[in-house]
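Before I ask anything, here is the structure I am working with.
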Amino acid sequence: MAPALLGRRLLRRTPEGLLGGTIVETEAYGGPEDRASHARAGLTRRTRPMFGPPGHAYIYLVYGQHWCFNIVTEEDGVAGAVLVRAIAPDVGIEEQRRRRGRSHDPVARLGAGPARLCQALAIDGGLDGIDLTLGPPLWVADAAPGTPPPAVVCGPRVGVGYAGEPWTSIPHRFGIEGHGSLSRPFAT
DNA sequence: CATAGGATTTGCT
DNA sequence: GCAAATCCTATGC
């Protein structure tokens, strides 16, 4: 699911209008066996959405100040989710820039990071656990018909050095090759 | 009940 | 390149 989501679009309805962008970077996280996954601690109040039905949101606060957005991927009762690490904004750009509060940042960098995209799209803990298959307020749309499949690159997940091998090095980070909205470069 | 640390970002050196 | 910001979860006694 992580590479399959690349090129699809993440959309958000807010009182200020429609916001959205193309997903350009993702990471896959597994169940209790994956020592880099929040599910490593089993089913807790925080990780409950990860163990729930697929197509729902798992949203958590990291470092006490940043929200991160995941899409749950496995059947009900099995933990697994895809962290969306970057989007390329394409709808409601001015509002996204306003929400980011950095008026001089180039558009391509507004959603270049898991916490940046949440701020740009007004995603926070209030949306944790919601069903993403119902449309508004938050949903995923297919790429436009006729859009060629993106060139995908992969590499180790970011910021999981604590997990130990093989979890630290397993190439479960995916991105659209050379895209200007990647959160950071892939090693080549 | 106390404490360690994090799927990040930003600003300063 | 490095460290601070800042809160909540998970874990240990």
Side-chain angles (χ1 to χ4, degrees), chain A residues 1-6 10 21 23-52 54 56-74 78-89 96-129 132 138 140 152-176 180-187:
Chain A
M1 276 306 296
L5 282 164
L6 299 175
L10 183 61
I23 297 172
V24 301
E25 183 182 337
T26 57
E27 281 179 354
Y29 286 89
E33 77 287 351
D34 181 353
R35 301 307 293 169
S37 172
H38 288 175
R40 65 186 181 275
L43 199 168
T44 66
R45 187 158 77 209
R46 180 206 207 187
T47 61
R48 173 143 73 207
M50 278 195 80
F51 289 81
H56 286 232
Y58 167 49
I59 300 168
Y60 65 91
L61 186 67
V62 71
Y63 297 110
Q65 44 197 49
H66 302 296
W67 294 106
C68 291
F69 168 73
N70 297 254
I71 299 169
V72 177
T73 54
E74 305 302 311
V78 179
V82 171
L83 171 70
V84 179
R85 285 194 54 88
I87 63 165
Q96 293 190 51
R97 201 199 295 278
R98 191 189 69 73
R99 287 189 167 278
R100 282 284 297 147
R102 301 173 74 80
S103 57
H104 295 293
D105 275 6
V107 174
R109 305 310 296 168
L110 292 180
R116 290 180 179 183
L117 94 258
C118 283
Q119 190 176 19
L121 297 185
I123 294 171
D124 63 24
L127 297 169
D128 187 33
L132 300 168
L138 181 63
V140 176
V152 176
V153 292
C154 65
R157 294 174 291 186
V158 175
V160 297
Y162 58 83
E165 299 297 351
W167 311 111
T168 293
S169 300
I170 193 171
H172 276 0
R173 177 189 179 211
F174 303 89
I176 295 181
S181 292
L182 295 176
S183 66
R184 60 179 75 180
F186 280 75

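Order of the sequence lines sets the chain letters (A, B, ...), proteins ahead of strands, with each chain counted from 1. Values below: every heavy atom of this structure, side chains too, minus hydrogens, waters and symmetry copies.
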Identify the two heavy atoms, one from A:Ala112 and one from A:Ala86, that lie closest to each other, and give their separation to 0.1 Å.
->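 Closest approach of A:Ala112 to A:Ala86, heavy atoms only: CA-CB, 4.1 Å.
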If we take the P atom in both B:dA7 and C:dG1, what is their distance in whole Å?
->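 My reading of the P atoms in B:dA7 and C:dG1 gives 23 Å.
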Hey, are the side chains of A:His172 and A:Glu27 touching, using non-hydrogen atoms and a 4.5 Å cut-off?
->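 No, every pair of side-chain atoms sits at 4.5 Å or beyond.
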Which whole-number value in Å describes the distance from A:His66 NE2 to B:dG5 C1'?
->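 Result: 15 Å.
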Whole-Å gap separating C1' (B:dG6) and OH (A:Tyr63) |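 Distance check: A:Tyr63 OH to B:dG6 C1' gives 5 Å.
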Short side-chain N/O contact to B:dA7 OP1/OP2 from A:His38, under 4.0 Å |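 For B:dA7, OP1 or OP2 has a side-chain N or O of A:His38 closer than 4.0 Å.
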Of all heavy-atom pairs between A:Tyr29 and A:Ser37, which one has the smallest distance, and what is that distance?
->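 What the structure gives for the nearest pair is CD2-CA, 3.9 Å.
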Side chain of A:Gln65 only, please: which of B:dA7, B:dT10, C:dA5 is the nearest?
->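 Of the candidates, C:dA5 comes closest.
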Would you indicate, yes or no, if B:dA7 has its OP1 or OP2 atom less than 4.0 angstrom from a side-chain nitrogen or oxygen of A:Tyr58?
->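 Indeed not, no polar side-chain atom of A:Tyr58 lies that close.
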Just wondering, do A:Gln96 and A:Leu121 contact through their side chains at under 4.5 Å, heavy atoms?
->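 Yes - at least one pair of side-chain heavy atoms lies under 4.5 Å apart.
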Using only heavy-atom distances, decide whether a donor-acceptor pair under 3.5 angstrom links the side-chain of A:Glu27 to the base of B:dA7.
->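 Answer no: no donor N or O sits under 3.5 Å from an acceptor.
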Integer-rounded Å distance: B:dT8 P and A:Ile123 CD1 =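 From A:Ile123 CD1 to B:dT8 P: 16 Å.
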Just compare C:dA10, B:dT8, C:dC7 and give me whichever is closest to any side-chain atom of A:Cys68.
->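 Given the options C:dA10, B:dT8, C:dC7, the side chain of A:Cys68 is closest to B:dT8.
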Please state how far atom CH2 in A:Trp67 lies from atom P in C:dA5, giving the value in whole angstrom units.
->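 In whole Å, C:dA5 P lies 21 Å from A:Trp67 CH2.
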Mind checking A:Arg157 for me? I need base, sugar-phosphate or nothing, with any heavy atom below 4.0 Å counting as a touch.
->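 No contact.
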Given atom CH2 of A:Trp167 and atom P of B:dA7, what is their separation to the nearest angstrom?
->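 In whole Å, B:dA7 P lies 16 Å from A:Trp167 CH2.
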Does the A:Arg157 side chain pair with the main chain of A:Trp167, one donor and one acceptor, at a distance under 3.5 Å?
->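 Flag set: sc A:Arg157 to bb A:Trp167 pair under 3.5 Å.
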Look at the side chain of A:Arg102 and decide which nucleotide, out of B:dG11, C:dC7, B:dT8, has an atom nearest to it.
->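 Side chain of A:Arg102 sits closest to B:dG11.
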Verify the stacking flag for A:Tyr29 against B:dA7: centroid separation must be under 5.5 angstrom and the ring planes must differ by under 30 degrees.
->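 A:Tyr29 vs B:dA7: stacking yes.
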Can a side chain N or O of A:Thr44 be found less than 4.0 Å away from OP1 or OP2 on C:dT9?
->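 Answer no for this pair, as no side-chain N or O of A:Thr44 is under 4.0 Å from OP1 or OP2.
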Write down the distance separating the P atoms in C:dA3 and B:dG5, rounded off to the nearest Å.
->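 Those two atoms are separated by 16 Å.
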Would you say B:dT8 has OP1 or OP2 under 4.0 Å from some side-chain N or O of A:Arg184?
->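 Indeed not, no polar side-chain atom of A:Arg184 lies that close.
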Hunt down the Watson-Crick or G-U wobble partner of B:dA2, both distances under 3.5 Å, from any strand shown, or write none.
->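 Result: C:dT11.
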Do the non-hydrogen side-chain atoms of A:Leu138 and A:Leu10 ever get within less than 4.5 Å of each other?
->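 Side chain of A:Leu138 against side chain of A:Leu10, heavy atoms only: contact under 4.5 Å found.
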Starting at CZ of A:Arg45 and ending at P of C:dT9, how long is that distance when rounded to a whole Å?
->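 Those two atoms, CZ and P, are 6 Å apart.
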In whole angstrom, give me the gap between the P atoms of C:dA4 and B:dA4.
->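 These two P atoms come out 16 Å apart once rounded.
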Watson-Crick or G-U wobble partner for B:dA7, using a 3.5 Å limit on both distances?
->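 Paired with no nucleotide.
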Has A:Arg109 got a side-chain N or O lying under 4.0 Å from the OP1 or OP2 atom of B:dT9?
->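 No, outside the criterion.
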Within this structure, what is the CG-to-P distance between A:Leu83 and B:dA7, rounded to whole angstrom?
->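 Atom CG in A:Leu83 sits about 10 Å away from atom P in B:dA7.
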What nucleotide, of B:dA7, B:dT9, C:dT11, holds the atom closest to the side chain of A:Ala41?
->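 Among the listed nucleotides, the one closest to the side chain of A:Ala41 is C:dT11.
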Expressed in angstrom and rounded to an integer, what is the separation of A:Leu117 atom CG from B:dA7 atom P?
->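 Going from A:Leu117 (CG) to B:dA7 (P), I get 17 Å.
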